[in-house]
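Mind looking over this structure? Questions follow.
On a predicted model such as this, the values are computed, not experimentally measured, just so you know. Reminder, nothing fancy here: chain letters follow the sequence lines and each chain counts from 1.
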Amino acid sequence: MSASEATDVAGRPDDIRAVPVRHPGRWIAAAIVLVLGVAMIRSVVTNPRFEWSVVDHYLFDERVLEGLRITIELTVIAMAIGVALGVVLAIMRLSPNPLVSGGSWLYIWFFRGTPVLVQLLFWYSIAALYPKIGIGIPFGPSFVHADANTLITPFTAAILGLGLNEGAYMAEIVRAGIISVPEGQSDAARSLGMSRMQTLRRIVLPQAMRVIIPPTGNETISMLKTSSLASVIVVGELLFAVQNIYSVNFKTIPLLIVASIWYLVCTSVLYVGQYYLERYYGRGASRDGTSTLTGRVLRGVLSFRLPGEHAPPGGDEHR
Amino acid sequence: MVSAEGVHKRFGRQEVLKGISLQVMAGEVMCLLGPSGSGKSTFLRCINHLEKINAGRLSVDGELVGYREVGGKLHELREGEVARKRAEIGMVFQHFNLFPHMTATENVTCAPIRVKGEPRGQARARARELLDRVGLADKLAAYPAELSGGQQQRVAIARALAMEPKLMLFDEPTSALDPELVGEVLQAMQQLARDGMTMIVVTHEIGFAREVAHSVVFMDGGVVVESGAPAAVLESPRNERTRSFLSKVL
């Protein structure tokens, strides 16, 4: 028997078996949570005014599903505009040219400093400010122009309002991500002959993603919910759809529950997407995927299908 | 290969380099010694234009760094031109600065593919060869976080060599390493010197300077205090400051 075998098999000491410390405080807290939880569920189930049958009836109603579709569309397009704009604004903000960085600062200042609801109303009534919108040379002739009222429909007004506002927030998130990457990284990239853009795109942004993704997930979830503000400017999204229904049948509570259920379904899906995105951009960073609650739940639910899950690339077993 | 005449560098009001003049011939290894804050690293960063010099002349391979001289007037080089020149100068950093989101191979192939437009397959083959040369043939797919400091620094050397530089700059390449890992990095550098690479090495490894360097420069307070053959500077320093520094590090 070799020495290594001896320590591995025969020489391994027995695990310690000790009486564990009791935690009565935790038990009491858990009991209180349990009682409150049961009481809450009981009231939800037994209170007839929730009218669960009405909820059930309208959950897959055509008008509700159409509203849901528009909500998702609004969220996706506005977020896409927000992210693209955010990246551009963040890069502008870091420009050595004071006019470029100042312009970005001014944009962020304005759009973060005014309520998004006010911005939505502004875009909705843009025709009062600019009756005609055209493309042309600044201070010169314009080539194409159209009536603002036909060009800016409620839906485009909502997209503009939500997207441009989101751009300001995303800019700050992206900027924080870029700043979080150590300067040595761009030193190394530039010493290899990479241009400023290559350094940004290949070296800095992929690393900044690790910092950018989690708050962007939050922003997406927040956007999904903020898009309900578009109901104010008659965009037929989810909230508007259920409002339309309960304004006729007065089943306000059950229909608001219907909307809430769909919002919860969507945000839950986003949670899962965020988990996988985070894991992808965390590669090489020696990070454990279990660090978030979603990660732990997902791992528990999906572990039988994802054997690779336990050895993420660049996992910490080497540390 | 490298020629500096009265190079000055200021950060704000602080003058870090106060007139550095030195020459490095092709195929030569020069070691820069000196206490921290003496401007060694700053000078090294000036050579590939990571820092702009404020006064003096600095040229690599007969061409000014960062400028073009037309009719007795200096014109700043455009970003692309600066980048092209940097690509010919390899640099190894104290803290390795490997790209953490890429494997060892990707770290080495990144610049040849993106900057030189080398075909992927060719770049990968060369990366394998280079990593093998620094003794890391079994770590091709490892991420930097999975490598020891010494291994990371050797990947960094391979990464710089992949661009086939005519000059290599080493900025305290072993200062961030555990003592027992220093040897493997110095060995890789020694091999490189033997192959005839022109190298400027900022280091505190006096033994390396003595064995490998063709010339040694001792800097303090932003000026060159003493320079010459390693035997002369290290064994019988004439300057008092050189003497006191060497007595502390040896």
I need the Leu192(A) CG to Asn97(B) CG distance, nearest 0.5 Å.
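The CG atom of Leu192(A) sits 10.5 Å away from the CG atom of Asn97(B).
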
Just wondering, more than 12 heavy atoms not from Arg126(B) lying within 6.0 Å of its CZ?
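It does: Arg126(B) CZ has more than 12 such atoms within range.
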
Where is the tightest heavy-atom contact between Phe93(B) and Ala188(A), given as atom of each residue plus distance?
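Reported closest heavy-atom pair: CE1-CA, 3.6 Å.
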
Are more than 12 heavy atoms, taken from residues, nucleotides or ligands other than Glu28(B), located less than 6.0 Å from that residue's CD atom?
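Yes, CD of Glu28(B) has more than 12 neighbouring heavy atoms, counting only those of other groups under 6.0 Å.
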
Select, from Leu50(B), Asn48(B), Val82(B), the one with the greatest count of heavy-atom pairs under 4.5 Å involving chain A.
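Among the listed options, the one with the most contacts to chain A is Leu50(B).
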
Phe99(B) versus chain A, heavy atoms under 4.5 Å apart: side chain, backbone, both or neither?
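For Phe99(B), the contact with chain A is made by backbone and side chain together.
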
Taking every heavy-atom pair that is under 4.5 Å apart, which of Met163(B), Gln94(B), Arg159(B) has the most such pairs with chain A?
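When all of Met163(B), Gln94(B), Arg159(B) are compared, Arg159(B) has the most.
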
Is it the side chain or the backbone of Leu98(B) that comes within 4.5 Å of chain A heavy atoms, both, or neither?
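It is the backbone, since no side chain atom gets that close.
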
Side chain proximity check, Met102(B) to Pro206(A), heavy atoms < 4.5 angstrom:
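No, every pair of side-chain atoms sits at 4.5 Å or beyond.
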
Once you round to the nearest 0.5 Å, how far does NE2 of His101(B) lie from CZ of Arg210(A)?
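Rounded to the nearest 0.5 Å, the NE2-CZ separation comes to 11.0 Å.
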
Would you say Arg45(B) and Asp187(A) make side-chain contact, with heavy atoms under 4.5 Å?
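When only atoms from C-beta onward are counted, Asp187(A) and Arg45(B) do touch, with a gap below 4.5 Å.
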
Calculate, to the nearest 0.5 Å, the distance between atoms CZ and CD belonging to Arg196(A) and Glu79(B) respectively.
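Those atoms lie 5.0 Å apart.
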
Where Arg86(B) and Arg190(A) come nearest, the two heavy atoms and their spacing:
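Distance-wise, the nearest heavy atoms are CD-O, 3.0 Å.
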
Give a yes or no on whether Lys116(B) atom NZ has more than 12 heavy-atom contacts from other residues, nucleotides or ligands under 6.0 Å away.
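Atom NZ in Lys116(B) is crowded, with more than 12 foreign heavy atoms closer than 6.0 Å.
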
Under 4.5 Å from any heavy atom of chain B - which part of Gln185(A)
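Looking at Gln185(A), backbone and side chain both touch chain B.
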
Minimal non-hydrogen separation, Pro100(B) against Gln207(A), with atom names:
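Minimum heavy-atom separation between Pro100(B) and Gln207(A): CG-OE1, 3.2 Å.
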
